Amino acid sequence: MSDLNLIVSIIASLFVSVGIYLVLHRSVINILMGLGLLTHATNLLILVMSGSPIGKSAPIVLDSGAQVYVDPLPQALILTAIVIGFGVTAFMVVFFYRLVKENQRTEVNES
Amino acid sequence: MNTLAVIPIIFPLITGIVLTLWRCSSAYRHAYMILSCVVHVLFSTWLVVRTAVEPVIVMAIGGWKAPFGIVLTIDHFAALLIATAGIITLAVSVYTAGESKPPHPLRLPLMHFMLAGVCLSFSTGDFFNLFVAFEIMLMASYALLVLEYRPSDLKYAYSYLLLNIIGSGLFLAAGGLVYRLFGTLNFADISERLLFTMGTDNRVVIISVLMVFVYGLKAGMFPLFYWLPKSYAALPPAIGGLFAGLLTKVGIYALIRILNLLFNNDPLPLLILFVASLFTMIVGILLALTHRSIRMILSFNLIAHIGFMVLGISIFTGTSIMGTVYYMIHHMVVISSLFLIAGIMMNETGSDSIDKMGNLFKQRPLLSVLFGLQALALVGIPPFSGFWGKLIIIASGISMGSFIGIGALIISSVLTLLSMIIIWFRAFYSETDTVLVKHTSSLQYVSVIGLTALSLCLGLGSFYGTNAAMRATDQLQDLGTYQWMVNQAVVKPIGGVTNDAH
């Protein structure tokens, strides 16, 4: 594993720990931020899974003579995941907005 | 012909889009929706008949060859589940059409988007596509949940949303790990590589445990079912029936499919499933006994019976998977119809709590008979449909010597009977001064009668049922043919497109 991938992995794990810490709060803003961080941690994890990018060219097939390409599939997966994550986050924002308006407070509470 | 595999997904999607845009009188919308469901059911029944004799139907989407493109694979198991999902959506559509208060205009399209997501997860042959299918299904369910709740119930949607979003994140992470480990996301390709290169790799076990967690969360397994009961019990009964019938079963389906592919003789995932199933059965049914709201009781019964299916998976022999398949199909039909019956009971008595119901047996004999039949089927009294699946699971458990699991299953069944008896004596047989009002339209009765008849057929036609379940299991475990069918699914290029695009 190259240094670059190591750094990205550490960032992803930091994102996960901070995200879980935030999701455990009661304030809706913290929960939203936590969900966002968790989503991005997953995206970074998939990015790491595509292997080291050092010495490889972008996956665009041209007559530039490049022989080794970065694996394009994880990038496609991340793109889809970002779109889905965006949709879910937007939904959560509206949902929390309604919840806050309904309960007249910015904390979630089931009782 | 294989291109037809896409119909069960495309059809509800088109119906959903049309119903979103087409805002005419509600009678036309309902008629269109019911018609579309009928076509879906007819087509998926044809798929069931076809897969019963022929090998897996494989469609390479966009003409891309198997390990690179996404494939749809419909085997007998998937076809049976698609047909059952279609029938449940049809019943819920008929039930919704009979409701006195017109539903939110977006309810009908969202139901169909959910059906599309469910059918896609049943028929996909690609790991990432399974994630996308789950997301389609979940997004539709989030929207339905928020639209259908009374404003004061919105807080119950919160745990559903949060836990499912976190589950989806883990699902995606598992997808990344699968891609790194196998270099592919295609089910057939994964199983091939598992067979030839990494039979004893411990990383496979880590991934399967992660899968057990994710699908267990979606299915409502023991430590992870917190999101389920309150969010289901606050839904209107029609949508509750749809959710209870379809959503948790997709988790069970994915569990069976993925464990079948990724199992490499390491007992850890099965052990986790076994322990979780014991607690699911016992804790679920005990919690059902503590509640008085009929939808709560049914939701906890749902959780307890998820435990039966998880037990069947954890024994993991051909016979136990066969029993699980049979039990799954029975349970989809029965739990939805019980939710719909609960809806009629709530209409008539104007209350959700069984303590406030009463006199139903004298004044609504038809409803009582329907409830009685479905309750007996849920408990698993011999000629009814629940019995056969349980019998097969128990038989396989005895042959594998897992007597603790069998004991828990039997205790849980007896307690299910108790919880149904409580409903019966409280709501149907008691002499109270409850005034019943006639609110229920005949369409709602038609939908419940249809589901009850289907469950009776599943019970009395156990010969055909077991044959179908056996065929589904054989096809599921015959990975060699599956791989061969997926790999040879070459579609002729459309319009002679070549690859050297400059």
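Heavy-atom basis, side chains included; hydrogens, waters and symmetry copies ignored. By convention in this document, chain letters (A, B, ...) are assigned in the order of the sequence lines, proteins followed by strands, and residues within each chain are numbered from 1. What you are looking at is a predicted structure, and each value in this text was computed from that prediction instead of being measured.
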Trace of the side chain to side chain contact (heavy atoms under 4.5 Å, CB included) decision for I166(B) with L35(A): CA-CA 8 Å; I166(B) 292 174; L35(A) 283 179; 4.2 Å; yes
Contact class of L38(A) relative to chain B, heavy atoms under 4.5 angstrom: side chain
Chain B contact via L47(A) - which portion, at a heavy-atom distance below 4.5 Å: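 For L47(A), neither part sits under 4.5 Å from chain B.
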Closest-packed option against chain B by number of heavy-atom pairs under 4.5 Å, given L73(A), N103(A), V94(A):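 Highest number of pairs under 4.5 Å: L73(A).
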Kindly give the heavy-atom pair with the smallest separation between [X] and [Y], and that separation in Å.
X      : Y       : answer
S50(A) : R180(B) : C-NH1, 4.4 Å
F95(A) : L154(B) : CZ-O, 3.6 Å
L45(A) : A173(B) : CD2-CB, 3.5 Å

Option that, when pairs with chain A are counted at under 4.5 Å, heavy atom only, ranks first among V146(B), L162(B), L170(B), L161(B):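 Heavy-atom pairs under 4.5 Å are most numerous for L161(B).
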Interatomic spacing from CE in M92(A) to OH in Y158(B) - rounded to 0.5 Å: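 So the CE of M92(A) and the OH of Y158(B) are separated by 7.5 Å.
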Rounded distance (nearest 0.5 Å) linking atom OG1 of T39(A) with atom CG of L172(B):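 One gets 9.0 Å once the value is rounded to the nearest 0.5 Å.
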Side chain, backbone, both or neither: which part of [X] has a non-hydrogen atom closer than 4.5 Å to chain A?
X       : value
F128(B) : side chain
L177(B) : both
F68(B)  : neither

Within 6.0 Å of CE in M139(B), more than 12 heavy atoms from elsewhere: yes
Side chain proximity check, F131(B) to L77(A), heavy atoms < 4.5 angstrom: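 Contact flag for F131(B)/L77(A) side chains = no.
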Minimum side-chain heavy-atom gap K155(B)-V108(A) below 4.5 Å: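 They are not in contact (no side-chain heavy atoms under 4.5 Å apart), so the answer is no.
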